[in-house]
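Only heavy atoms go into these numbers, but all of them, side chains included; no hydrogens, no water, no symmetry mates.
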Amino acid sequence: MSRWRYFLMRLGLMIPVLFLVMTIIFVALRMGPLDPVAAILGPEGTGGDAVAIREQLGLNEPLWRQYLDFIWSLITLDLGQSWVIQEGRSVNGLIMIYAPRTIWLGLWAILLPLFLGIPLGFYAGLHPNSWADYLASFSGIVWLAMPNFWLAIMLLTFLRRTDGTRFDWYQIGPEIRSIIGTPPLDFIAITDGFSVLPFWFTFDLGGFLVAVKLIIPPALVLGSASMAAELRIGRTAMLETINSNYVDTARAKGLSNRIIIWKHVFRNALIPLVPIITNEAVLLIGGSVIIEYIFGINGLGALFFHAAVQGDLPLAGSLIFFFTLIIILLNILQDLLYTLLDPRVGYER
Amino acid sequence: MENTMMFLLLKDRLVLMPHRKTVSRRRFLLASGGVASIGAAGCLGDDDEITADDTADDDSVDDDDDPDGLTNVEKAQTAWDRVVEHPHPDDEDVRNESYVEMEEAIRDDMILLPLFHGKSERFSYEWVDMPEMGPLGSHHQQYHNVELDTGHEHKDENVFEVINSTVTTLDPIQSTDTASSVVIGQVYECLTTYPAGNLELENQLADDVEISDDLLTYTFHIKEGVQFHDGEELTAADFKYAWRRVAESPGSRRASFLLSPTHLGLVAETDEDEGVGPANVVPDSIAFEVIDDHTFEIELTDPTPGALDILSYDAFAAVPEGYVDDLEDYDGEVSQEEVSSEAMRGTGPFEFVAWSPGDEVSVTRFEDYHEGQPIPEAVHWIILEDADAIWTYINERNADAFGIPTAHYDRDLVDAEEDDMGREVGTYAELDNGDEVNYVAVSDISTFYFAFNGGQTITAARQAVAYATDHEELVDLVFEGRGTVAFSFTPPDLWPEEVISYDDWVDEWPYSPNETDIASANEVLAEAGYDEDDPYELEITTYDDPTFQEAAALTRDKLAGSGMEFEIREAQFADLIASGHDGELQAFSLGWIWSWQDIAYGMFGFEPANTNTDLIPEQADGYYLDWEQVDDE
């Protein structure tokens, strides 16, 4: 089977999975105990209004009809309006508002461990049983063991109390008023005319730095567990690779240590890390409801949670549709990365 | 003092009510329900025949019964019918006596156990000077007279910074939550208002009102020279348009507040072809007649003593005629999606600037506001839900006025005294950052309770829970003292003192008030045939609010080893309400918050026929009690 046929097959297999997920969310929200009308009206609501809303949302239609409408709206990407969370706003609009926040957090929650965890792990693997190794391995376990919500609260308290001290987090780099809240993501914007940069974008460096500064603490917390995981697996992978026979051979034929490590060992040691990293990419979309809450960043995670518990079918359904889509695509990307990193992995039987 | 001055200023404004009224009329059943009341009233027979003296000819006598042979259900039903038959302002005594009778029936059948009345607290930094809020809640407060001392080292800008929870809509006819109404109240205005949530209704956009002798026709004169944010002058036609939106717009969530006789009850034509529920109103048929630019007349189906109070509700706010495209005969400047998410145009002290969902909302002052230029240049809300996020934001001195999450609250830090309005005013010291802040607390007009389904519980079990509950301890332990103990559904602020003083009522409360009386609980359970070996099983459903769960857990622990096995189920709010509608809750916890000052607005839900969950929500709108099914043995 050629690589492309394999990918086509994988893409084809997405369809039944998507249908299954759509059906599950429909069953859970429409046939479960949740009533969007009760959520809309609150305890003060009266019967007459409930009847009208039920009719307006199409909840009086037979269930199979509602199911078909629901599936059709997702397939055609005509996602409609939110029922409960922000009545009247289009689901597309809501996703456009909430998604960048989660992506920004997720991006840094992946980048930070990638550029901290893996180098530390490799370093520890290259210098096994040294003090540096002990320190890195020990801190890895500590990072892994600390629960995120606790770490987040501690970090918030610590940073808040630096106000007015010599290490004043509020004053370091760009000045910020608060360490919580949604980072301003308008540092990049589409222009209608000329700009310094090529393309049609403007880029505001100050705004960018503020956005980065605000996102670093939550990203560090959110990425802490993955950072530790990458550190420990990176160390093991490096140890295993560096002790393999071909390294001895390379050494025997006189290659310099630098070439051995960067050209051969590094690449091979990355292989076990690929699934770890791509799985972490799920953070990009789901984010972490808890971290988003504590740092006051309202992203997709929190939005989905609210939508699900209030029976907001169009919103919750659309979000889970996209989550599933992205997770499947990430898996396919993971397979692709394997074949690039390790040519022995192929698709022939 | 700045505050006293502000208060006098408010008092100078005209209070327009002809009579002091605390009662509004509720119907026996919703008119739209279409179910004959005789069927719903069940054993009580035709409700027309029941009067105060005419008791049902039921000769079974129960211990709990009144001397005249009424069961508690009948007593409550009779009392409510009497309320309905006496809507006139002069009959307030009759109504008040009836309310107390209903409270007695609730207490004796223990169909609902009141736990506590809420308490609102507000903290503010020393650079803030704003009027104290009243018991109807701070979401009634407009911020135009908030003074900020920008000379203070920690306050640079004349922008009022506040924290809000998730806002769902900007459209007054769509809003059903306080977070949205806080924002809407700064931009839109109604005919009447409760300034800062105090219990004295005042004119907002109304100048004067004449009420006909039959209490059915109201003629309003609205203020002249009031401008919308685009400079157009407010006219009577704008009110008509705004109210038509309440009745006819598909986005309206409170059409029944306008049309249902249980609320305002405006006369309107209906037609089955137009839709279901209140949506069946014929376009442009509401009985609202524009007489001239500043005068209009409305006609009600029944006398509604609470009409002027109801008109202070957000949904009745003035909107410029033809602003939105949701009525057939108007093209509209903005679409319905825009008016609920990115466009607002009212007469209020602040103009809308931006709303970034889940992030922030900002409004800026309207220079031509009809009561003079607002003092703050702008108001900015950050949207935060998490206790730690809120606590961080507060300690960074980013919020000017705020509430403190219970997790970070310590009641020993409060130093406050009661003022002449019954509010506690003082200071709270200190916050994490070392600052002392202003403190004000006021009892809300709200009641939080455990309620029971009459058909699925036995009276002894309900009474046992009441015996086991120690109200003071509950408020202390679970709510950190942020509430006042409740022994009646009607809060003390509304209690009809003329009939029986509230203190006497509490003294007479039979279920060992403020102590845990497991012995008595076991006694009533034993009489019903339950003991430790064969306990009565009771499942209570609480919604996912930690305080209610703790309250239920406290009761469960107390009843451990007694003749009752008390189980707790947790449910999401929407799940709880939906199960309530279906009559599936054996017991549940909820709260009732009065939107306006009116005993009936809480009592209507106890009318036994109105608690029938077979008819809720379409044809009845009481609490989920199935009170008529109580077994009197």
Side-chain angles (χ1 to χ4, degrees), chain A residues 32-56 60 81 84-90 93-94 97-98 101 149 152-153 156-157 159-161 163 170 177-182 290 292-299 302-303 306 309-311, chain B residues 30 32-33 166 168-169 171 174 176-177 250-257 259-260 262-263 275-279 336-337 340-341 356-360 382-386 388-389 392-393 395-396 398 432-433 571-575 577-579 581 590-593 595 616-621:
Chain A
L34 292 170
D35 182 5
V37 178
I40 290 172
L41 286 176
E44 270 192 321
T46 61
D49 290 328
V51 175
I53 295 174
R54 212 166 276 285
E55 177 77 22
Q56 194 188 326
N60 289 334
Q81 295 186 340
V84 188
I85 305 299
Q86 315 243 304
E87 271 186 82
R89 253 191 215 264
S90 73
L94 276 176
I97 291 167
Y98 281 77
R101 302 170 185 166
F149 67 89
I153 294 171
L156 267 188
T157 314
L159 290 178
R160 169 158 59 77
R161 289 180 183 220
D163 189 15
Y170 294 88
R177 273 184 60 210
S178 177
I179 50 177
I180 52 154
T182 305
I290 294 175
E292 284 180 3
Y293 254 60
I294 297 180
F295 284 92
I297 303 164
N298 280 302
L303 184 66
H306 283 307
V309 297
Q310 300 197 47
Chain B
L30 286 186
S32 58
T166 303
T168 60
T169 180
D171 189 349
Q174 203 166 42
T176 59
D177 57 313
S252 174
R253 294 292 172 253
R254 292 297 190 225
S256 57
F257 278 32
L259 298 171
S260 156
T262 60
H263 290 88
V276 291
Q336 200 203 327
E337 178 172 351
S340 68
S341 61
S356 165
D359 181 15
E360 58 183 358
I382 186 167
I383 295 167
L384 295 177
E385 302 271 4
D386 179 76
D388 289 293
T392 303
Y393 198 73
N395 277 288
E396 290 172 333
N398 279 322
D432 258 13
N433 60 15
Q572 292 292 334
F573 181 74
D575 178 4
I577 299 285
S579 318
H581 289 168
L590 266 182
W592 184 255
I593 301 169
S595 290
I616 294 175
E618 277 81 7
Q619 291 148 32
D621 57 0

Requested in this report: Measure A:T157 against the heavy atoms of chain B and call it side chain, backbone, both or neither at under 4.5 Å.
Outcome: neither
Query raised in the report: Does any heavy atom of chain B fall under 4.5 Å from the side chain of A:I153, the backbone, both, or neither of them?
Result: side chain
**Report entry** Partners passing side-chain hydrogen bond (donor to acceptor under 3.5 Å, both in side chains) against B:S252 (at least two apart in sequence or in another chain)
**Finding:** none
Query raised in the report: Non-hydrogen atoms of chain A under 4.5 Å away: do they reach the side chain of B:Q336, the backbone, both or neither?
Result: neither
Query raised in the report: Which heavy-atom pair separates B:N433 from B:N395 by the least distance, and what is that distance?
Result: ND2-O, 2.9 Å
Query raised in the report: Can you name the residues that form a side chain to side chain contact (heavy atoms under 4.5 Å, CB included) with B:S579, not counting sequence neighbours?
Result: B:R569, B:D575, B:E584, B:L585
Report summary line: From the list B:A571, B:S341, B:S340, B:S356, the residue making the most non-hydrogen contacts under 4.5 Å with chain A is B:S341
**Report entry** Heavy-atom check, side chain of A:N298 versus side chain of A:L303, under 4.5 Å
**Finding:** no
Report summary line: Max heavy-atom pairs within cutoff under 4.5 Å with chain B, candidates A:G296, A:P36, A:S178, goes to A:S178
Report task. Sort out for me which of A:R177, A:R161, A:Q310 touches chain B most, counting heavy-atom pairs under 4.5 Å. Result -> A:R177
Requested in this report: Flag yes if more than 12 heavy atoms outside A:L159 fall under 6.0 Å of its CG atom; otherwise flag no.
Outcome: yes
Report task. Working to the nearest 0.5 Å, report the span between CZ of A:F295 and CG of B:D386. Result -> 10.0 Å
Report task. Measure A:I290 against the heavy atoms of chain B and call it side chain, backbone, both or neither at under 4.5 Å. Result -> neither
Report task. Pick whichever of A:H306, A:R54, A:R89, A:Q81 has the most heavy-atom pairs under 4.5 Å with chain B. Result -> A:R89
Report summary line: One should read off an interatomic distance between A:I53 CD1 and A:E87 CD, to the nearest 0.5 angstrom, of 6.5 Å
Report task. Against chain B, label A:R160 side chain, backbone, both or neither, depending on which of its atoms sit under 4.5 Å from a heavy atom there. Result -> side chain
